[in-house]
S.K.: 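Questions regarding the structure given below will be posed in turn.
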Amino acid sequence: IGMAFLGGLAIYAVSGQGVGWLYPLGAVFLGWYLIIGPARDLYMEPEPVTASRLFNRASYLPLAFLVLTTISLFVSR
């Protein structure tokens with residue numbers, strides 16, 4: 001879970017300033033909303049419902065980062 005969150009931030013480190021200032025802010029928000037928050041909930045309440053919530057939100061992570069990268073590229077130009 002943490003690697004997925006850090007992987008999103010690694011894109012910024014590799015791209016330099018190519019994606020602009022919006023990407024790191026969006027990456028932190030998306031990582032928290034889609035991965036870290038639900039993982040914390042699962043840790044606090046280890047039930048099938050919270051595990052399902054984590055899985056469902058994590059499924060949107062690649063699409064969310066693709067949209068974030070695209071928007072960041074257009075805004076930075």
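Keep in mind that this is a model prediction, so the values were computed, not measured.
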S.K.: Take Leu54 and Asp41 through the test side chain to side chain contact (heavy atoms under 4.5 Å, CB included) and record every step on the way to the result.
M.R.: CA-CA 8 Å; Leu54 171 62; Asp41 293 342; over 6 Å; no
S.K.: Could you tell me whether the side chain of Thr50 and the main chain of Glu45 form a donor-acceptor pair under 3.5 Å?
M.R.: yes
S.K.: State, to 0.1 Å, how close Gly26 and Leu68 come at their nearest heavy-atom pair, and which atoms those are.
M.R.: C-CD2, 3.5 Å
S.K.: Of all heavy-atom pairs between Trp32 and Pro38, which one has the smallest distance, and what is that distance?
M.R.: O-CD, 3.9 Å
S.K.: Would Leu63 end up clustered with Leu22 when hydrophobic side chains under 4.5 Å apart are linked, directly or stepwise?
M.R.: yes
S.K.: So which atom in Tyr23 and which in Thr69 form the shortest heavy-atom distance, rounded to 0.1 Å?
M.R.: CE1-OG1, 3.4 Å
S.K.: To the nearest 0.5 Å, what is the distance between OH (Tyr60) and CZ (Phe55)?
M.R.: 10.5 Å
S.K.: Locate the shortest heavy-atom distance separating Ile35 from Ala58; write the atom from each residue and the value.
M.R.: CD1-CB, 3.7 Å
S.K.: Taking Arg57 for its side chain and Tyr33 for its backbone only, find out whether a donor-acceptor pair lies under 3.5 Å.
M.R.: yes
